[in-house]
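Indexing begins at 1, ligand by ligand and atom by atom, following the structure's order. One-based numbering along the sequence shown. Computed over heavy atoms, backbone and side chain alike; hydrogens, waters and symmetry mates excluded. Values in this document were obtained by computation on a predicted structure and should not be read as measured data.
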Amino acid sequence: MKVYKFGGASVRNADGVRNLHKIIAGEHGLFVVVSAMGKTTNALERVFDGLRKDDRKAALAEVEALHAYHAEIIEGLWHKPQQLESVEELFAELQQIAASAEYRDGDAELWYDRIVAFGELISTRIIAAYLSYAGVSCSWIDMRKAIRTEQRHKDASVDIEASAPLLREAVEKAAADVVVGQGFIGGAPDGTTTTLGREGSDYSAAVAANILGAESMSVWKDVDGILNADPKIFPDAVKIEELNYLDTIELAYSGAQIIHPKTIKPLQNKNIPLYVRPFGDKRKPGTVIRGSSSSVKVPILILKKNQVLLTVRSRDFSFVLEERFASIFSLLERFRLKTNLINNSAVNISLCIDDSWHIDEAVNALHDEGFDVMKISDMELLTIRGYNSSLFERYAMARNVFVRQSTQTTVRIVRKHQEEER
Ligand code: ASP
Ligand code: MG
């Protein structure tokens with residue numbers, strides 16, 4: 001058994017889906033994990049925003065646009081206007097939610113998951129139908145029933161032990177050469193839909209590979225493999241041939257958009273190699289990630305955007321690490337805030353956090369617990385592994401730097417967002 005994962009960019013139009021068919025043609029014993037098409041998840045987040053802000057008109061307009069976008073892909077695949085019943089049903093359900101769901105703020109995460117999950121449900125329906133139409137022995141499975149997560153919405157972890165019998169049974173029952181399932185989504189013990197965090201399809205694929213005892217997992221991307229930097233931001237990016245699991249986790253955690261940070265553990269536990277391969281050319285080797293690899297010879301630059309810098313100080317001047325650490329972090333956890341870097345002095349703690357709609361609520365709660373908080377938005381976190389003096393000079397000493405932390409191998413910089421690097 002092998003696991004292939006296709007991201008949203010690779011199936012953003014009919015040509016992409018046809019290319020997916022080319023890549024999987026002739027395979028037997030393949031489990032295919034697919035994301036939502038193109039930027040569908042972003043659009044679904046706007047549908048959710050429409051509910052949250054009670055702007056139903058905006059929510060419905062987004063659904064309408066998504067319907068048209070997918071209809072065009074279907075038409076491109078069948079070379080004629082074509083209605084897929086399963087897809088029409090999903091859109092009808094989504095439209096119903098956008099128009100008349102009784103949304104309550106207390107259930108925000110629940111609604112978020114329910115809404116954004118449509119992206120993967122729709123994409124896999126289209127792709128499975130197209131593969132069958134193209135003559136592939138193919139079966140669609142519902143990962144909400146096969147992947148059991150913890151009881152937590154929007155960023156749930158998978159309970160692999162509980163999922164294993166469910167997924168194995170679903171794949172067995174499917175009895176097809178190629179089984180297609182959704183990335184990014186699962187089901188909670190209470191039966192509601194959950195999602196695994198943005199870009200979570202890689203994690204879904206890794207979980208499936210673990211459970212199915214796959215010989216390998218491949219992620220098909222629109223790049224040649226893993227690069228040492230985002231070429232859109234840093235010039236002279238080069239491809240890395242091989243990486244080990246540990247370095248990959250560090251990179252992913254720092255915000256490298258190569259792979260979801262949770263992807264590696266399920267693979268590492270079963271020693272399954274992960275290939276990151278170019279979607280456009282099946283013959284190119286891409287990058288391989290496994291237990292051990294030769295060391296990486298180039299510095300790696302990772303930029304994590306959409307950060308907020310909070311500086312928290314106890315109003316009574318308590319020592320922050322000794323006396324208030326636990327209360328600050330349990331509060332951040334309560335508001336689902338993800339901390340990427342911590343910097344402290346005696347009475348201050350600075351936290352670089354993913355921007356989120358809960359930040360202001362958390363700031364208010366911190367106030368109520370006796371803290372003064374300073375918030376700086378529009379920040380970004382730059383991590384450079386294997387830095388040298390010229391990179392340090394150029395990035396760590398720049399004028400827009402607010403926090404800098406360095407070890408022998410790695411420097412991390414919290415800086416004000418800037419548009420252009422070159
Ligand atoms: N569709 C989801 C997202 O865009 C999951 C994924 O692409 O991995 O975040
Ligand atoms: Mg995506």
I'd like to know whether D155 forms a salt bridge (Lys or Arg N to Asp or Glu O under 4.0 Å) with K338, so could you lay out the CA-CA distance, the side-chain angles of the two residues, the decisive distance to 0.1 Å, and finally the verdict. CA-CA 11 Å; D155 189 14; K338 195 167 161 285; over 6 Å; no
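- The shortest N or O to N or O distance between D202 and ligand 1 is not under 3.5 Å.
- Close contacts between ligand 1 and F184 involve ligand atoms 2 (C), 5 (C) [criterion: under 4.0 Å to a heavy atom].
- Remark: D54 engages R56 in a salt bridge, criterion side-chain N to carboxylate O under 4.0 Å.
- Interface of T41 with ligand 1, defined as ligand atoms under 4.0 Å from a residue heavy atom, comprises 1 (N), 2 (C), 3 (C), 4 (O).
- Residue-ligand proximity, R198 to ligand 1, at heavy-atom distances under 4.0 Å covers atoms 3 (C), 4 (O), 9 (O).
- Short contacts between ligand 1 and E120, defined as distances under 4.0 Å to a heavy atom of the residue, involve ligand atoms 1 (N), 2 (C), 5 (C).
- Contact annotation: for S201 versus ligand 1, heavy atoms closer than 4.0 Å belong to both the backbone and the side chain.
- If you check the side chains of E380 and H417, you find a donor sitting under 3.5 Å from an acceptor.
- Distances from ligand 1 to the non-hydrogen atoms of G183 include no value under 4.0 Å.
- For E241 and K239, the salt-bridge test passes: some basic side-chain N is under 4.0 Å from an acidic carboxylate O.
- Counting heavy atoms of neighbouring residues, nucleotides and ligands inside a 6.0 Å radius, atom NZ of K282 exceeds 12 of them.
- For Y275 and W220, the distance between ring centers is not under 6.0 angstrom.
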